[in-house]
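These notes are about the structure you will find just below.
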Number of protein chains: 2
Amino acid sequence: MKKGQVEYWEKKTRECGLRLTRQRKEILQTLVQATGPLSAREIFLKLKPVSESFELSTVYRSLHSFMERGLVRETDLGTGEKKYELNSGEHGHHLVCVGCGEILFLGCPLREFEREVKEKTRYEIIEHRLNVLGVCPSCKGSE
Amino acid sequence: MKKGQVEYWEKKTRECGLRLTRQRKEILQTLVQATGPLSAREIFLKLKPVSESFELSTVYRSLHSFMERGLVRETDLGTGEKKYELNSGEHGHHLVCVGCGEILFLGCPLREFEREVKEKTRYEIIEHRLNVLGVCPSCKGSE
DNA sequence: TTCTTCTTGCAAATGATTTGCATTTATGAG
DNA sequence: CTCATAAATGCAAATCATTTGCAAGAAGAA
Ligand SMILES: [Mn+2]
Ligand SMILES: [Mn+2]
Ligand SMILES: [Zn+2]
Ligand SMILES: [Zn+2]
């Protein structure tokens, strides 16, 4: 069972001791289908029409449960709302188009830098957060 | 007149067409003395005892005026409140101690990376945001 | 099926930041 | 220096994302 399938995440959910509710299934489904990180409200808006009943607060609560167990990652891309994505396990960063909001995944160029910072400052490094803002080719064209 | 002196920033304020009010002087003074970026509320709390009357909303409004003119920079260090600092002109990033909140300035290791991203993605790069979280030596000691 | 515990819906609270509006103040002209 | 005017402030209320309390509902173990 692969990370691209809902079943994978549903199993993980159970394994973490979380109950697999209809709402959580639908949230996971939405995240699996997504091409990039989504905000709680984006998830909510995708589901409300399809789903019997659904609360935004439930989305937030589910995402937090998922985060606590490491199933989901949260990113603040400076777009007002925090974004959430399934935790693929591979560390990286995001390139955001300020025009259309498209989000591309970027690898991490900071392994060496982190070592230098640790050495120079004597801080224990916990994590780093990087994101890049730009304009995608398509948005560049249509100005 | 140097960037370490309030007078420098007071002059700049005027040159930008902004009026130099008592409140703005005090905000600039606070920022000049600061050893790192401060939140609007931190500035407010430093000034309230000393100053005749002062509103948090005034701090926010002043900071925004300063930002529009490039006198002040805003950073989101993920600490809940946005932080503000005088715009030294030199681009860089921050290392934040999750223990005591100490903030160190870091240089930018991403010039080359930005070029690569531009080439690979064909995005026009506008800016990047990076900050590093860690534990300072002093906080490491006292656990 | 039953029982227990975890989740949800719903509404109200929170916390940072912003805004409307009447009043005050900085600044430039006279 | 005095005055007029636009800009800035105080104060209170509004926003907006996110969180929380609580009663009712639904998973899942037995
Ligand atoms: Mn990285
Ligand atoms: Mn940089
Ligand atoms: Zn775009
Ligand atoms: Zn510290």
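Reminder, nothing fancy here: chain letters follow the sequence lines and each chain counts from 1.
Remark on the helix from C:dT1-D:dA30 to C:dG30-D:dC1: inter-end axis angle 40°, axes from five-pair C1' superpositions, rounded to 10°.
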With a cut-off of 3.5 Å and sequence neighbours excluded, list every side-chain donor-acceptor pair involving residues 44-60 of chain A.
from    : atom 1 : to      : atom 2 : distance (Å)
A:Ser51 : OG     : A:Arg22 : NH1    : 2.8
A:Ser51 : OG     : A:Glu26 : OE1    : 2.8

For a quick test of your reading: what N or O donor-acceptor pairs under 3.5 Å do the side chains of residues 102-113 of chain A make, sequence neighbours left out?
from     : atom 1 : to       : atom 2 : distance (Å)
A:Glu102 : OE1    : B:Tyr123 : OH     : 2.4
A:Glu112 : OE1    : A:Arg115 : NH1    : 2.7
A:Glu112 : OE2    : A:Arg115 : NH1    : 3.1

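Using modelled atom types, no side-chain atom of A:Lys12 and backbone atom of A:Gly70 make a donor-acceptor pair closer than 3.5 Å.
A:Leu71 and A:Ile27 fall within a single hydrophobic cluster, where Ile, Leu, Val, Met, Phe, Trp and Tyr are joined by side-chain heavy atoms under 4.5 Å apart, directly or via other members.
By the side chain to side chain contact (heavy atoms under 4.5 Å, CB included) test, B:Glu127 pairs with A:Leu133, B:Arg129, sequence neighbours left out. Contacts of A:Lys120 classified as side chain to side chain contact (heavy atoms under 4.5 Å, CB included), with partners at least two apart in sequence or in another chain: A:Glu116. Remark: A:Gln29 pairs with A:Val6, A:Gln33 by the side chain to side chain contact (heavy atoms under 4.5 Å, CB included) rule, at least two apart or across chains. Annotation: side chain to side chain contact (heavy atoms under 4.5 Å, CB included) contacts of A:Lys118 (sequence neighbours excluded): A:Ile125.
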Where protein sits on nucleotides 22-30 of chain C, one letter per nucleotide: B base, S sugar-phosphate only, - none, heavy atoms under 4.0 Å:
----BS---
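Within the structure, salt bridge (Lys or Arg N to Asp or Glu O under 4.0 Å) contacts touching residues 33-44 of chain B (residues at least two apart or in different chains) are B:Arg41-B:Glu81, B:Glu42-B:Lys83. Judged as a salt bridge (Lys or Arg N to Asp or Glu O under 4.0 Å), not a single pair has a partner in residues 59-71 of chain B (not counting sequence neighbours).
In this structure, A:Leu86 and A:Lys3 have side chains that are not in contact, with every pair of non-hydrogen atoms separated by 4.5 Å or more. When side chains are defined from C-beta on, A:Met67 counts as touching A:Val72, because their heavy atoms get closer than 4.5 Å.
A:Glu26 places its CD atom 15 Å from the C1' atom of C:dG9, with the value rounded to the nearest Å. If you take CZ of A:Arg24 and P of C:dG9, they are 11 Å apart, rounded to a whole angstrom. Computed from coordinates, the A:Lys82 NZ to C:dG15 P distance equals 14 Å when rounded to whole Å.
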After noting the C-alpha distance and the side-chain angles of A:Tyr8 and A:Val32, does the key distance pass the side-chain contact (heavy atoms from CB on, under 4.5 Å) rule?
CA-CA 10 Å; A:Tyr8 173 85; A:Val32 166; over 6 Å; no
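Only B:Ser53, B:Phe54, B:Glu55, B:Ser57, B:Thr58, B:Arg61, B:Ser62, listed by number, bring a heavy atom of residues 50-62 of chain B to less than 4.0 angstrom from any atom of DNA chain D.
In the 5' to 3' direction, nucleotides of DNA chain D lying under 4.0 Å from heavy atoms of chain A begin and end at D:dA17 to D:dG28.
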